[in-house]
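Read the structure below first, then the notes.
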Protein chains: 2
Amino acid sequence: MKGLTIGKVAKEANVNIETVRYYERLGLISKPPRTESGYRQFPVEVVQRIKFIKRAQELGFTLLEVNKLLSVSDGKDYDCHDIQQFASKKLEEIEQKISDLEKIKSILYDLSKKCPGQGPLDKCSILEEFKEGSD
Amino acid sequence: MKGLTIGKVAKEANVNIETVRYYERLGLISKPPRTESGYRQFPVEVVQRIKFIKRAQELGFTLLEVNKLLSVSDGKDYDCHDIQQFASKKLEEIEQKISDLEKIKSILYDLSKKCPGQGPLDKCSILEEFKEGSD
DNA sequence: ATAAAGTCTGTACTAAGGTACAGAGTCAAG
DNA sequence: CTTGACTCTGTACCTTAGTACAGACTTTAT
């Protein structure tokens with residue numbers, strides 16, 4: 001068979017078959033051609049695309065946002081102004097995310113450092129660090 | 001009234017009143033004392049805590065994960081081994097998140113750079129960059 | 001002292017992101 | 001040439017994270 005069956009795609013991308021169909025419905029991946037009998041024939045790239053989607057989700061982007069990200073990347077019908085706007089907004093968000101993650105990182109670091117020394121470790125408030133900049 | 005009413009907390013933390021109650025139910029914030037008549041009296045710190053929760057969510061942590069993060073930070077019933085494990089697992093995840101975010105960042109950067117020069121910008125695939133390391 | 005605004009509990013609803021069938025047809029291996 | 005593994009569509013269901021009342025009580029502002 002030409003192209004990948006849905007089962008292969010799902011397996012390669014580490015997702016449920018239904019998830020693939022779901023993404024197709026949402027337009028996150030494009031409708032693949034079908035065989036005579038109606039079986040989907042996916043191009044191999046779709047696996048990469050699904051992995052990207054999953055990853056972006058774990059980074060806190062919604063499927064809608066991922067969709068836009070991908071559409072722009074696909075060169076879909078957006079004008080330059082639109083893309084500039086979108087990119088710079090996302091960039092800001094990402095900067096903030098990175099900086100907050102760095103904070104959490106250093107907190108966790110402290111936390112685990114305090115640990116082997118025993119004690120109730122009650123003064124390691126994660127919140128202290130977040131007094132500024134989280135809002 | 002001693003402490004903050006639920007309405008004040010919600011307003012300060014920029015969330016719905018119901019969300020505050022919801023978090024209380026889940027144990028993300030502890031049950032506050034009540035007035036004679038049953039009104040909640042929240043300590044001011046709760047606002048900070050809720051902001052932290054919201055922020056962590058935007059970074060892709062589930063409420064369950066946030067709960068653990070906070071419990072550990074609160075010095076709750078975990079032994080050192082537990083905390084070490086947890087912290088190092090989370091640290092790894094965070095490192096990965098940061099590195100993926102950096103990737104997306106540079107992609108967006110490229111995207112917006114290509115833009116003013118017009119053209120269909122069809123070769124800026126976000127996916128190319130994700131071939132390795134996303135899984 | 002009375003209205004408006006706030007709060008209480010409990011239950012029900014929503015939206016996002018899937019997941020799980022049922023019932024029917026298709027493909028591939030022995 | 002049949003049996004088991006796949007796939008199809010469609011609908012229903014699930015979890016997470018809230019949100020929205022209803023009906024009753026409390027506080028506050030005038």
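Predicted model only: the values in this text are computed from it and were never measured.
Distance Asn14(A) CG to dG18(C) C1': 16 Å, rounded to the nearest Å. Between Ile29(B) atom CD1 and dG18(D) atom P there is a gap of 12 Å when expressed in whole angstrom units. Rounding to whole angstrom units, NZ of residue Lys31(B) and C1' of dC8(C) are separated by 13 Å. Rounded to a whole Å, the CZ atom of Arg25(A) is 13 Å from the P atom of dA12(D). Computed from coordinates, the Tyr23(B) OH to dT16(D) P distance equals 14 Å when rounded to whole Å. Taking atom CG of Asn16(A) as the reference point, atom C1' of dC6(D) lies 14 Å away to the nearest angstrom. Separating the CD1 atom of Ile6(B) from the C1' atom of dG18(D) is a distance of 14 Å, rounded to the nearest angstrom. Atom-to-atom, CD1 of Ile50(A) to P of dG18(C) comes out at 11 Å; the value is rounded to the nearest Å.
The shortest distance between side-chain heavy atoms of Ile6(A) and Tyr39(A) does not fall below 4.5 Å.
For the pair Gln57(B) and dG18(D), the criterion of a side-chain N or O lying under 4.0 Å from OP1 or OP2 is met. Residue Arg40(B) places no side-chain N or O under 4.0 Å from the OP1 or OP2 atom of dT7(C). Contact annotation: Thr19(B) side-chain N/O to dG18(D) OP1/OP2 distance is not under 4.0 Å. Listed pair Ser37(B) / dC8(C) fails the phosphate criterion, with no side-chain N or O lying under 4.0 Å from OP1 or OP2. Using a 4.0 Å cut-off, no side-chain N or O of Arg21(B) falls inside it from OP1 or OP2 of dT9(C). Residue Tyr22(B) places none of its side-chain N or O atoms closer than 4.0 Å to OP1 or OP2 of dT16(D). For Thr5(A), a side-chain nitrogen or oxygen approaches OP1 or OP2 of dT7(D) to under 4.0 Å.
The side chain of Leu63(B) has dA17(D) as its nearest neighbour among dG18(C), dT7(D), dA17(D). Comparing dA17(D), dG18(C), dC21(C) against the side chain of Glu18(A) picks out dC21(C) as the nearest.
None of Ile50(B), Val20(B), Val47(B) except one satisfies the side chain to side chain contact (heavy atoms under 4.5 Å, CB included) rule with Phe42(B); the exception is Val20(B).
Using a 4.0 Å heavy-atom criterion, one finds that Lys54(B) contacts the sugar-phosphate atoms exclusively. Within the nucleic acid shown, Ile17(A) comes within 4.0 Å of sugar-phosphate atoms alone, with no base atom in reach, counting heavy atoms only.
A donor N or O paired with an acceptor N or O is found under 3.5 Å between the base of dC6(D) and the side-chain atoms of Tyr39(A).
With rounding to the nearest 0.5 angstrom, the CG atom of Leu28(B) is 4.5 Å from the CG atom of Asn67(B). The line from NZ of Lys54(A) to OG1 of Thr19(A) is 6.0 Å long, rounded to the nearest 0.5 Å.
Under the 4.5 Å side-chain heavy-atom criterion for Ile, Leu, Val, Met, Phe, Trp and Tyr, Ile98(A) and Tyr109(B) are members of the same hydrophobic cluster. At a threshold of 4.5 Å between side-chain heavy atoms, the hydrophobic network of Ile, Leu, Val, Met, Phe, Trp and Tyr places Leu26(B) and Val66(B) in one connected group.
Between Gly38(B) and Glu36(A), the residue whose closest nucleotide on DNA chain C is further toward the 5' end is Gly38(B).
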